[in-house]
Participant: 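Have a look at the structure that comes next, please.
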Amino acid sequence: MENMKKITINNDGSLNIPDFPVITYIEGDGIGPDIWSAASTVIDNAVLAAYAENKKICWLEVYAGEKAYQKKGEWLPDETLNAIREHVIAIKGPLTTPVGKGIRSLNVTIRQKLDLYACVRPVKYIDHVPSPMKNPEKVDMIVFRENTEDVYAGIEWESGSDGASSVISFLKDKMEIFLPEDSGIGIKPISEKNTKRLVAKAISYAIDNGLSSVTLMHKGNIMKFTEGAFCQWGYEVAKERFDEKTITENELFDKHNGKLPKGKVVIKDRIADMMFQQVLLRPEDYKVIATPNLNGDYISDAIAAQVGGLGMAPGANIGDKCSVFEATHGTAPRYAGQDKVNPCSLILSGAMMLDYIGWKKASALIRDAIKSTIKDGTVTYDLARQIEGATKIKCSEFADKLIEKMKC
């Protein structure tokens, strides 16, 4: 297409979005081809319905995972990472990661190599989706998970290895810390720089979207110098960069009798185990949740379960130079090629991507179509088995239903 152009980043960090942007995609492993086919078709038709021929995404495939290994002999070629950097925005299906052996997580590697430091997962209930909650409509939260450090830094040594023995000896000889000789060892780094940029992005999002609170989720009562520091640095960056727009929870009650002043965002913190109770018992009290890496992994999946599971949960990995939107579930290889699974996670991630580039009319069409189609009871097998009287349809047929809704 003659008019296609690359997305660029302006000096102030904002995006310059052409009418025909080139956006890279990774199809994904396992069920990836099925859900990508459905998602890309829905995204294209939403843009067409919203903007006629005036806007269009020009897709550019890049390779990672099994397809990359087959074509390039590498699981994650440098040319893929370079293409994502060059084109600023990408979207991907799920990628294979063996458990306990073999290649390191490709998802984690992509995040770290591209410095996509904020894993952003909005979780909002969609009417008529089966949920284990009595009042799932109260669930409307967005998790900002630090993406580059914590235990996901990948610094660990196997039990019995030279590395583990060296660390155990160092701790014993230099720190007078005694560990069993057969211990596996992992390192959990949490830094001021990475914490503050993550929490700053969470607070900026809350301010820009008129949300009332940012909650720092941590286990600082036990891990005082990592997760406790995350909490401390979170409060610090709120004061340093957003003093006129934020207040602490203590200030809210001490100075304002618990009533949030107009235009303010309250910064509060919760111990991680308590937070799991809170999102179940009082979900309406939480809007933006900012967490270290491991906590964010746990809490985002747990909240997603409250609205019907990961099949209904979108996600993005956002940095200052580029962003990758993705399905939040796994590859489900037993269903690969069966045109069976629910494509909503990737479709909703596509809608999130459209929001990110400012094409909100198209993203609204997608979300409205999903609500209407689920209300009709024409759904993929995972939802059909939970909805009485539902009609089970294929993954591709679900995409077709969404497109029909957008044309109405």
Side-chain angles (χ1 to χ4, degrees), residues 29 64-66 68-69 72-78 80-81 94-119 145-199 216-234 271-276 290-302 317 319 324 330-331 333:
D29 298 328
E66 294 171 352
Y69 192 76
K72 308 286 184 178
E74 299 178 75
W75 292 96
L76 183 59
D78 286 341
T80 294
L81 296 172
L95 294 172
T96 297
T97 297
V99 176
K101 61 180 180 179
I103 59 171
R104 189 181 177 193
S105 168
L106 293 176
N107 294 318
V108 172
T109 303
I110 289 171
R111 295 165 189 168
Q112 293 182 343
K113 291 283 189 180
L114 296 175
D115 198 25
L116 305 175
Y117 60 86
C119 179
R145 165 191 172 193
E146 203 290 319
N147 235 355
T148 65
E149 50 187 12
D150 198 353
V151 294
Y152 288 76
I155 307 169
E156 60 176 354
W157 296 272
E158 185 178 7
S159 170
S161 67
D162 290 342
S165 297
S166 295
V167 174
I168 291 169
S169 295
F170 170 81
L171 292 173
K172 178 182 177 181
D173 297 340
K174 301 295 184 180
M175 302 292 181
E176 296 186 352
I177 295 172
F178 298 90
L179 298 177
E181 294 296 328
D182 59 354
S183 296
I185 303 292
I187 303 295
K188 177 189 178 75
I190 290 183
S191 68
E192 180 177 0
K193 173 191 171 183
N194 291 340
T195 294
K196 286 187 172 180
R197 66 178 182 172
L198 180 278
V199 176
L216 307 170
M217 176 187 175
H218 62 94
K219 192 64 178 170
N221 57 329
I222 303 300
M223 291 171 277
K224 300 182 185 299
F225 305 122
T226 50
E227 302 217 1
F230 176 93
C231 179
Q232 174 189 332
W233 291 326
I271 300 298
D273 42 342
M274 180 188 182
M275 193 68 193
F276 279 95
T291 86
N293 209 331
L294 184 59
N295 290 342
D297 197 358
Y298 291 156
I299 198 70
S300 58
D301 283 15
N317 301 289
V324 177
T331 59

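As the structure is a computational prediction, the values presented were derived from the model and not from experiment.
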Participant: Could you grab the distance from atom NZ of Lys172 to atom OG of Ser165, nearest 0.5 Å is fine?
Facilitator: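 The OG atom of Ser165 is 11.5 Å from NZ of Lys172, to the nearest 0.5 Å.
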Participant: Go through the structure and list residues passing side-chain contact (heavy atoms from CB on, under 4.5 Å) with Thr226, not counting sequence neighbours.
Facilitator: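 Lys188, Ile190, Met223.
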Participant: To the nearest 0.5 Å, what is the distance between CG on Asn317 and CG on Asn107?
Facilitator: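 Asn317 atom CG to Asn107 atom CG measures 8.0 Å (nearest 0.5 Å).
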Participant: Looking only at heavy atoms, which two atoms of Leu106 and Trp75 are closest? And how far apart?
Facilitator: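 Looks like CD2-CB, 3.9 Å.
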Participant: Compare all side-chain heavy atoms of Tyr298 with those of Met217 and state whether any distance is below 4.5 angstrom.
Facilitator: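 A side-chain contact is absent here, since even the closest heavy-atom pair is not under 4.5 Å.
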Participant: Counting only heavy atoms not in Asp162, do more than 12 fall under 6.0 Å of its CG?
Facilitator: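 No.
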Participant: I need the minimum non-hydrogen distance between Val199 and Ala290, along with the two atoms involved.
Facilitator: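 Scanning both residues completely, I find the closest heavy atoms to be CG2-CB, 4.4 Å.
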Participant: Over all heavy atoms of both residues, which pair between Ala153 and Pro189 is shortest? Give the atoms and the distance, please.
Facilitator: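 It is CB-CG, 3.9 Å.
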Participant: With distance as the sole test, does Glu149 use its side chain to make a donor-acceptor pair with the main-chain N or O of Asn194 at under 3.5 Å?
Facilitator: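 Side chain of Glu149 to backbone of Asn194, a donor-acceptor pair under 3.5 Å: no, none is there.
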Participant: In the structure I gave you, are the side-chain heavy atoms of Leu179 and Ile185 within less than 4.5 Å of one another anywhere?
Facilitator: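 Answer yes - side chains close enough.
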Participant: Does any N or O in the side chain of Thr195 come within less than 3.5 Å of the main-chain N or O of Glu192, such that one atom is a donor and the other an acceptor?
Facilitator: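 Checked: no pair found.
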Participant: Restricting to non-hydrogen atoms, name the atom on Glu181 and the atom on Ile168 that form the minimum distance, rounded to 0.1 Å.
Facilitator: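 Between these two residues, the closest heavy atoms are O-CD1, 3.7 Å.
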Participant: Taking C-beta and beyond as the side chain, do Leu95 and Ile110 meet within less than 4.5 Å on heavy atoms?
Facilitator: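 Yes. Closest side-chain heavy atoms under 4.5 Å.
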Participant: Do the side chain of Ser300 and the main chain of Gly296 share a donor and acceptor less than 3.5 angstrom apart?
Facilitator: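 The answer is yes, because a donor-acceptor pair under 3.5 Å joins these two groups.
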Participant: Quick check: are there more than 12 heavy atoms from other residues, nucleotides or ligands sitting under 6.0 Å from CZ of Phe276?
Facilitator: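 More than 12 within 6.0 Å, yes.
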Participant: Going through the checks in order, is the salt bridge (charged side-chain N to carboxylate O under 4.0 Å, His left out) test met by Asp273 and Lys219?
Facilitator: CA-CA 8 Å; Asp273 42 342; Lys219 192 64 178 170; 3.2 Å; yes
Participant: What's the shortest heavy-atom distance between Thr96 and Thr331, and which atoms?
Facilitator: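 Smallest interatomic distance, heavy atoms only, reads N-CG2, 3.6 Å.
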Participant: Would you check if the side chain of Glu146 reaches a backbone N or O of Asn293 as a donor-acceptor pair within less than 3.5 Å?
Facilitator: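 No; judged by distance alone, with no hydrogens or angles, the pair does not exist.
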Participant: Report yes or no: does Asn147 contribute a side-chain atom to a donor-acceptor pair with the main-chain N or O of Arg111 at less than 3.5 Å?
Facilitator: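 Between the backbone of Arg111 and the side chain of Asn147 there is no qualifying donor-acceptor contact (under 3.5 Å).
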Participant: Decide if atom NZ of Lys196 counts as having more than 12 heavy atoms of other residues, nucleotides or ligands within a radius under 6.0 Å.
Facilitator: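 Yes, enclosed.
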Participant: Could you walk me through whether Glu74 and Thr80 pass the side chain to side chain contact (heavy atoms under 4.5 Å, CB included) check?
Facilitator: CA-CA 11 Å; Glu74 299 178 75; Thr80 294; over 6 Å; no
Participant: Measuring from atom CE of Met274 to atom CG of Asn221, what distance do you get when rounded to the nearest 0.5 angstrom?
Facilitator: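 Output value for this atom pair is 11.5 Å.
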Participant: Quick check for you: to the nearest 0.5 Å, what is the distance between Arg145 atom CZ and Leu294 atom CG?
Facilitator: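 Separation between the atoms: 8.0 Å.
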Participant: How many angstroms lie between CG in Leu216 and CD in Gln232, if you round to the nearest 0.5 Å?
Facilitator: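 Here the rounded value is 11.5 Å.
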Participant: Is there a side chain to side chain contact (heavy atoms under 4.5 Å, CB included) between Asp150 and Phe230? Walk through the geometry before answering.
Facilitator: CA-CA 11 Å; Asp150 198 353; Phe230 176 93; over 6 Å; no
Participant: Decide yes or no on side chain to side chain contact (heavy atoms under 4.5 Å, CB included) for Ile271 and His218, but give the supporting numbers first.
Facilitator: CA-CA 5 Å; Ile271 300 298; His218 62 94; 3.5 Å; yes
Participant: Indicate the atoms forming the closest heavy-atom contact of Gly319 with Leu116, along with that distance.
Facilitator: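 Minimum heavy-atom separation between Gly319 and Leu116: N-CD2, 3.8 Å.
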